[in-house]
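Since the structure comes first, as structure tokens, the remarks are kept for the end.
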Amino acid sequence: MTRTDLVRYGVTDRAALVTVNDPDRRNAVTGAMSVQLRAAVQQAEADPNVHALVVTGAGRAFCAGADLSALGVATEDGLLALYDGFMAIAQCTLPTIAAVNGPAVGAGLNLALAADVRIAGPAAVFDPRFQQLGIHPGGGATWMLHRIVGPQVARAALLFGMRFDAEAAVRHGLALQIADDPVAAAMALAAGPASAPRQVVLATKATMRATASPGALEGDQHEFAKATELGPQAATIESPEFAARLAAAKRK
């Protein structure tokens, strides 16, 4: 296994394991982490011996969301930089699995939602948290949640602050299953594409994306949602109300 400062990367049995790696800060997303996460995804895509990708978090959290210091000064370009890592997962040509070992909050929820499949550990929590922070959802969260759990549950999450423990996540279709060791379960699931011809795996995922919504490519829909959310999210981050919430959060 190789390691950079904020992302670990390794390959076992034709499956890449990508670990966001800042456990002391609960793997909070920064621009630097996003750059390294995209690089790890590109490394997996470029390797003909990799047929699937698993993403997880180091320590007890999957990802606690965007780093509040980075978020507090983010312009629209800064927000796009924070999004870039989970957008790399969303755009990945390989089958992707999120092994959600702990809380997935805000942008960390987006990272989990960006994967094709999610496996929840017993301590997993799927928490949008945007409204509680006083900011508009971003990164395509509105579209991803609608697509995965349907309109009613998506609105319960984003408008009413509903959060999901592991059991609720499986019940609502947000996660495929609960596993005591979600990384091991994800690697076991990845054995399917690992044993198939790589060109068949890539073509099947591409076809499923193309047929998900006839007449519109899935990636285009995500990009549209991200662009639609960007202005309102940036405006809320620039508001005095968010500045006050951010200051209060930093004092905790």
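Source: prediction; values computed, not measured.
Here the closest heavy-atom approach between residue P137 and residue L158 is recorded as CG-CD2, 4.1 Å. Taking every heavy atom of both residues into account, Q132 and D127 meet most closely at NE2-OD1, 4.2 Å. Heavy-atom minimum distance, Y9 versus A40: CE1-O, 3.5 Å. In plain terms, the two heavy atoms of V201 and H51 that are nearest each other are CG1-O, 3.7 Å. Among all heavy-atom pairs drawn from V149 and G173, the shortest one is CG1-C, 4.4 Å. When all heavy atoms of H222 and G139 are compared, the pair lying nearest together is NE2-O, 2.9 Å.
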Quiz item: Where do L94 and R198 land on the side-chain contact (heavy atoms from CB on, under 4.5 Å) test, with the steps shown first?
Solution: CA-CA 9 Å; L94 299 163; R198 192 174 195 260; 3.7 Å; yes
Quiz item: Please walk me through it: do F164 and H172 pass ring-ring contact (aromatic ring centres under 6.0 Å, His included)?
Solution: CA-CA 9 Å; F164 308 83; H172 291 292; 5.7 Å; yes
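Side-chain atoms of S34 come within 3.5 Å of backbone atoms of L82 as a donor-acceptor pair (strictly under, hydrogens ignored). In terms of modelled atom types and a separation under 3.5 Å, the side chain of E229 and the main chain of T142 share a donor-acceptor contact. No donor-acceptor distance shorter than 3.5 angstrom exists from the side chain of D180 to the backbone of P122, with no hydrogens or angles considered. Under a 3.5 Å cut-off, the side chain of T236 and the backbone N or O of H136 do form a donor-acceptor pair. A distance-only check finds a donor-acceptor pair linking the side chain of N101 to the backbone of G59 [under 3.5 Å].
Going from atom CG of D22 over to atom CG of L6 covers 5.5 Å, rounded to the nearest 0.5 Å. Note that CG of L113 and CD1 of I89 are 12.5 Å apart. Values are rounded to the nearest 0.5 Å. One finds the CG atom of L37 at 6.0 Å from the CG atom of L111 (value rounded to the nearest 0.5 Å). Here the NZ atom belonging to K226 is positioned 11.5 Å from the OG1 atom belonging to T228, to the nearest 0.5 angstrom. Distance check, rounded to the nearest 0.5 Å: CD of Q91 to CD of Q42 gives 9.5 Å. For the atom pair CZ (F86) and CE (M33), the distance works out to 13.0 Å, reported to the nearest 0.5 Å.
Residues M144 and V170 fall into different hydrophobic clusters, defined by Ile, Leu, Val, Met, Phe, Trp and Tyr side chains chained together at heavy-atom separations under 4.5 Å. In the hydrophobic clustering of this structure, Y83 groups with I148; members are Ile, Leu, Val, Met, Phe, Trp, Tyr whose side-chain heavy atoms approach within less than 4.5 Å, directly or through other members. By the rule that hydrophobic residues join a cluster once side-chain heavy atoms approach within less than 4.5 Å of another member, L189 and I178 end up as members of separate clusters.
At least one side-chain heavy atom of F126 sits under 4.5 Å from a side-chain heavy atom of V100. Using a 4.5 Å heavy-atom cutoff, the side chains of L17 and V11 are not in contact. Taking the side chain as every heavy atom from C-beta outward, R26 and C63 never approach each other to under 4.5 Å. Annotation: side chain of L80 is not in contact with side chain of D84 (no heavy-atom distance under 4.5 Å). Annotation: side chain of E223 is in contact with side chain of M87 (closest heavy-atom distance under 4.5 Å). Between P182 and T56, every side-chain heavy-atom pair lies at or beyond the 4.5 Å cut-off. No side-chain heavy atom of V105 sits under 4.5 Å from any side-chain heavy atom of V125. Put simply, the side chain of V55 does not reach to within 4.5 Å of the side chain of T96, judged on heavy atoms.
Taking a 6.0 Å sphere around CG of D181, one finds it holds more than 12 heavy atoms contributed by other residues, nucleotides or ligands. Crowding of Q177 atom CD: a count of heavy atoms from other residues, nucleotides or ligands under 6.0 Å exceeding 12. Within a 6.0 Å radius of CZ in R147, more than 12 heavy atoms belonging to other residues, nucleotides or ligands are found. Under a cut-off of 6.0 angstrom, the local environment of CZ in R38 is crowded, with over 12 non-hydrogen atoms contributed by other residues, nucleotides or ligands. Around CZ of R163, the count of heavy atoms belonging to other residues, nucleotides or ligands within 6.0 Å does not exceed 12.
In the model, N21 has a side-chain atom that pairs as donor or acceptor with a side-chain atom of R8 under 3.5 Å.
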